[in-house]
Peer 1: 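Handing you this structure, nothing more for now.
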2 protein chains.
Amino acid sequence: MEKNVTDLLREKGFKVTPQRLAIYKILTMTKTHPSAEMIFSQLQPSYPTMSLATVYKTVDILREIGMIQVLNAGEDSFRYDADTSDHPHVRCMECGRVDDLHDIDFSDFVDGVAKRTSYRLTGQQFYFYGICPDCQKRSAN
Amino acid sequence: MEKNVTDLLREKGFKVTPQRLAIYKILTMTKTHPSAEMIFSQLQPSYPTMSLATVYKTVDILREIGMIQVLNAGEDSFRYDADTSDHPHVRCMECGRVDDLHDIDFSDFVDGVAKRTSYRLTGQQFYFYGICPDCQKRSAN
DNA sequence: TATAATTAGATAATGATTATCAAAATAGAA
DNA sequence: TTCTATTTTGATAATCATTATCTAATTATA
Ligand SMILES: [Mn+2]
Ligand SMILES: [Mn+2]
Ligand SMILES: [Zn+2]
Ligand SMILES: [Zn+2]
């Protein structure tokens with residue numbers, strides 16, 4: 001996994017740095033879809049000199065070389081996901097967490113759109129909104 | 001149509017002002033899903049003293065009373081849509097325009113998600129990305 | 001018309017993201 | 001391993017969208 005990033009960075013003409021590997025590793029090890037700020041905070045203990053600008057520059061490169069995808073779930077900041085497979089997301093309107101929706105078949109939906117639009121389609125993002133299990137329990141006191 | 005907003009504003013305890021009506025009217029008369037800045041620019045000729053802050057405050061109220069919906073198609077700003085029906089959108093990655101995708105059935109997709117998630121779902125947004133017909137022609141020279 | 005409550009507009013503040021730039025790190029050659 | 005050209009980092013300033021603040025103007029109602 002980590003070897004992949006190293007190779008791909010070099011292949012695309014980017015240098016391999018500890019910061020870049022650390023940021024990518026954070027993303028591979030979480031399912032929380034962190035924002036730049038969250039990544040920055042998580043790296044503070046082990047990389048106290050890390051700059052927030054470096055996080056932004058790195059996620060941009062990782063997206064450019066196809067190692068991560070960028071999410072925009074209607075918040076004021078972007079989130080990053082090392083799982084580049086095409087999967088829908090759901091955001092809790094109460095606590096703000098963003099979860100994956102796996103094993104959902106949406107090929108009919110996508111095919112239907114492709115058939116009816118005159119756009120040449122290149123991708124899509126599906127966002128669901130609701131209340132997560134934890135917040136449901138909490139509000140039920 | 002316009003009567004609706006007037007009534008609904010009063011009903012919800014908001015005052016009816018020319019600015020609010022003008023902003024809502026702009027949104028009902030376009031299919032371009034304008035941002036706050038675009039709305040502001042379009043109103044400049046007829047409302048030269050309009051403040052951008054008023055546009056932001058108004059779209060927030062219009063959303064609150066359910067007269068418009070807010071879109072987040074992966075850009076750095078929000079877009080607003082007076083068509084509150086549940087419909088997917090497609091954004092051109094070249095010129096940035098955002099179009100509607102109508103007459104698409106996605107109930108199976110939504111049902112499938114509802115069945116598989118433990119979230120209590122309240123809504124969703126579907127965004128497609130691609131190249132619009134105009135940009136396809138243009139790049140074909 | 002008079003009045004209380006709300007709103008508009010001007011503008012400052014905020015927060016996320018991007019730009020700048022000198023010092024440090026990387027990669028490849030010697 | 002050492003040297004060196006190139007890239008990157010971290011600090012910080014700048015930018016851009018959005019929100020907050022405040023007072024004069026407007027609205028709704030009596
Ligand atoms: Mn995901
Ligand atoms: Mn629309
Ligand atoms: Zn929650
Ligand atoms: Zn286009």
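When reading the values below, keep in mind they use all heavy atoms of this one structure, side chains included, and skip hydrogens, waters and symmetry mates.
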Peer 1: NZ of A:Lys12 versus C1' of D:dT7: gap in Å, rounded?
Peer 2: 18 Å
Peer 1: So, is A:Thr49 near the phosphate of D:dG10, with a side-chain N or O under 4.0 Å from OP1 or OP2?
Peer 2: yes
Peer 1: What's the CD1-C1' distance between B:Ile23 and C:dA8, to the nearest Å?
Peer 2: 10 Å
Peer 1: Could you label the plane-to-plane angle of the B:His89 and B:His33 rings as parallel, tilted or perpendicular, counting under 30° as parallel and over 60° as perpendicular?
Peer 2: perpendicular
Peer 1: Taking all non-hydrogen atoms of both residues, which atom of A:Leu121 and which atom of A:Ala114 are closest, and how far apart?
Peer 2: CD1-CA, 3.8 Å
Peer 1: Under 4.0 Å from OP1 or OP2 of C:dT11: is there any side-chain N or O of B:Ser51 that close?
Peer 2: no
Peer 1: Does a nitrogen or oxygen in the side chain of A:Arg10 sit under 4.0 Å from OP1 or OP2 of C:dG28?
Peer 2: no
Peer 1: Regarding C:dA5, can its base be found pairing with the side chain of B:Lys15 as donor and acceptor, where the two atoms are less than 3.5 Å apart?
Peer 2: yes
Peer 1: Out of D:dT27, D:dG10, D:dA28, which nucleotide sits closest to the side chain of B:Pro18?
Peer 2: D:dT27
Peer 1: In this structure, how many angstroms lie between the C1' atom of D:dT26 and the CZ atom of B:Phe14, rounded?
Peer 2: 17 Å
Peer 1: Do any side-chain nitrogens or oxygens of A:Arg20 fall under 4.0 Å of OP1 or OP2 in C:dT26?
Peer 2: no
Peer 1: From the options B:Phe109, B:Tyr127, B:Phe106, B:Tyr129, select the one residue that forms a ring-ring contact (aromatic ring centres under 6.0 Å, His included) with A:Phe126.
Peer 2: B:Phe109
Peer 1: So with a 6.0 Å cut-off around CG of A:Asp103, is the heavy-atom count from everything else above 12?
Peer 2: no
Peer 1: Tell me: CG of A:Leu9 to P of C:dA25, nearest whole Å?
Peer 2: 19 Å
Peer 1: Could you go over nucleotides 17-21 of chain D and give all protein N or O partners under 3.5 Å, atom names and distances?
Peer 2:
from: D:dT18; atom 1: OP1; to: B:Phe78; atom 2: N; distance (Å): 2.9
from: D:dT18; atom 1: OP2; to: B:Tyr56; atom 2: OH; distance (Å): 2.4
from: D:dT18; atom 1: O5'; to: B:Tyr56; atom 2: OH; distance (Å): 3.4

Peer 1: Between atom CG in B:Leu21 and atom P in C:dT7, what is the gap in whole Å?
Peer 2: 13 Å
Peer 1: Which comes earlier along DNA chain D counting from the 5' end, the contact point of B:Thr17 or that of A:Met50, where each point is its nearest nucleotide?
Peer 2: A:Met50
Peer 1: For the pair A:Asp99 and A:Arg91, find out whether any cationic side-chain nitrogen is under 4.0 Å from an anionic carboxylate oxygen.
Peer 2: no
Peer 1: Return the minimal non-hydrogen interatomic distance between A:Arg63 and A:Ile68, and the atom names on each side.
Peer 2: N-CG1, 3.6 Å
Peer 1: In whole angstrom, what separates A:Ile61's CD1 from D:dT8's C1'?
Peer 2: 9 Å
Peer 1: Measure the distance from CD1 on A:Ile65 to C1' on D:dT7 and round it to the nearest whole Å.
Peer 2: 15 Å
Peer 1: Is there a side-chain contact between A:Gln19 and the phosphate of C:dA25, meaning an N or O under 4.0 Å from OP1 or OP2?
Peer 2: no
Peer 1: Can you tell me how far the CG atom of B:Leu62 sits from the NZ atom of B:Lys57, to the nearest 0.5 Å?
Peer 2: 13.5 Å
Peer 1: B:Phe40 CZ to C:dA8 C1': how many Å, rounded?
Peer 2: 13 Å
Peer 1: For A:Thr54, report the nucleic acid contact type (base, sugar-phosphate, nothing); a contact means any heavy atom under 4.0 Å.
Peer 2: base
